J.: 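Here it is: the structure, laid out below.
Owing to the predicted nature of the structure, the values given are computational and were not obtained by experimental measurement. Atom set for the values below is all heavy atoms of this structure, side chains included, hydrogens, waters and symmetry mates excluded.
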Amino acid sequence: MSTHTPRVEATLLALAPCLAWGLHGAGSVLLVWLACLGWFSQGTLHIILIGWTAALLLAVAGTGAASFRRWRSAADPVEASDLRAFLGLGGIFTSVTLGVGIALAGLAAVLFVSCTGAK
């Protein structure tokens, strides 16, 4: 049983995509850096980045779906007058925008060659 209040849960749902976006950026930089140091090949790096991106996109999609359910269960979801509906709508917005950002950053990391001239 959760000990969080609905306000805390809604806030965490709205902030989770931000955390995933930051983790994706930092993790991708770390993985590319390790590949440039010779820890693994370019092909292995691409496979790891695809998995990393997919895992975080799934997490963002889950928080977006939970935020959507929270927004729809509010008293008047069109107005978003109460805090629950407002935070649900914020969670939907951050999930969509940062999900697109994660997808595009993951695509760029896979399409472009890393470590050019770094050795």
J.: Within this structure, what is the CG-CG distance for the pair Leu107 and Leu111, rounded to the nearest 0.5 Å?
T.: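 The distance works out to 4.0 Å.
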J.: Which heavy-atom pair separates Leu23 from Leu56 by the least distance, and what is that distance?
T.: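 Heavy atoms only, the tightest pair is C-CD1, 4.3 Å.
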J.: Cluster question for you: counting only ILVMFWY and a side-chain heavy-atom cut-off of under 4.5 Å, with indirect links fine, are Val32 and Leu37 together?
T.: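 Val32 and Leu37: one cluster.
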J.: Say whether Leu49 and Leu34 are linked into one hydrophobic cluster, either directly or through other cluster members, by side-chain heavy-atom distances under 4.5 angstrom.
T.: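 Yes, Leu49 connects to Leu34 through the hydrophobic network.
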J.: Is there a path of hydrophobic side-chain contacts, each under 4.5 Å between heavy atoms of I/L/V/M/F/W/Y residues, joining Phe93 to Leu98?
T.: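 As far as the 4.5 Å side-chain criterion goes, Phe93 and Leu98 are not connected within one cluster.
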J.: From Ile92 CD1 over to Arg70 CZ, what is the distance, rounded to the nearest 0.5 angstrom?
T.: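 Reported to 0.5 Å precision, the distance equals 11.0 Å.
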J.: Residues in side-chain contact (heavy atoms from CB on, under 4.5 Å) with Ala105, at least two apart?
T.: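 Ala105 satisfies side-chain contact (heavy atoms from CB on, under 4.5 Å) with His24 once adjacent residues are dropped.
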J.: I'd like to know if Trp33 and Ile50 are part of one continuous hydrophobic network [Ile/Leu/Val/Met/Phe/Trp/Tyr, side-chain heavy atoms within less than 4.5 Å].
T.: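 Both belong to a single hydrophobic cluster.
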J.: Which hydrophobic side chains are connected to Val29, either touching it within the sub-4.5 Å cutoff or through other members that do?
T.: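 Members alongside Val29: none; it stands by itself.
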J.: Please check: side-chain N/O of Thr63 versus main-chain N/O of Val60, any donor-acceptor pairing under 3.5 Å?
T.: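 Flag set: sc Thr63 to bb Val60 pair under 3.5 Å.
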J.: How far does CG of Leu45 sit from CH2 of Trp52, to the nearest 0.5 angstrom?
T.: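 Reported to 0.5 Å precision, the distance equals 13.0 Å.
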J.: When rounded to the nearest 0.5 angstrom, what is the spacing between OG1 in Thr94 and CG in Leu19?
T.: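 That separation rounds to 11.5 Å.
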J.: Is Phe68 reachable from Leu89 through a run of I, L, V, M, F, W or Y residues, each pair having side-chain heavy atoms under 4.5 Å apart?
T.: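 Yes: a chain of side-chain contacts under 4.5 Å links Leu89 to Phe68.
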J.: Thr53 side chain to Gly106 main-chain N or O, any donor-acceptor pair under 3.5 Å?
T.: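 No, Thr53 side chain to Gly106 backbone: no donor-acceptor pair under 3.5 Å.
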J.: For atom CZ of Phe40, is the number of surrounding heavy atoms from other residues, nucleotides or ligands below 6.0 Å larger than 12?
T.: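 Above 12, so yes.
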J.: Nearest 0.5 Å, what's the OG-CZ distance between Ser67 and Arg72?
T.: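 With rounding to 0.5 Å, OG (Ser67) is 14.0 Å from CZ (Arg72).
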J.: Could you state the interatomic distance from CD1 (Ile48) to OG (Ser28), rounded to the nearest 0.5 Å?
T.: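 Rounded to the nearest 0.5 Å, the CD1-OG separation comes out at 11.0 Å.
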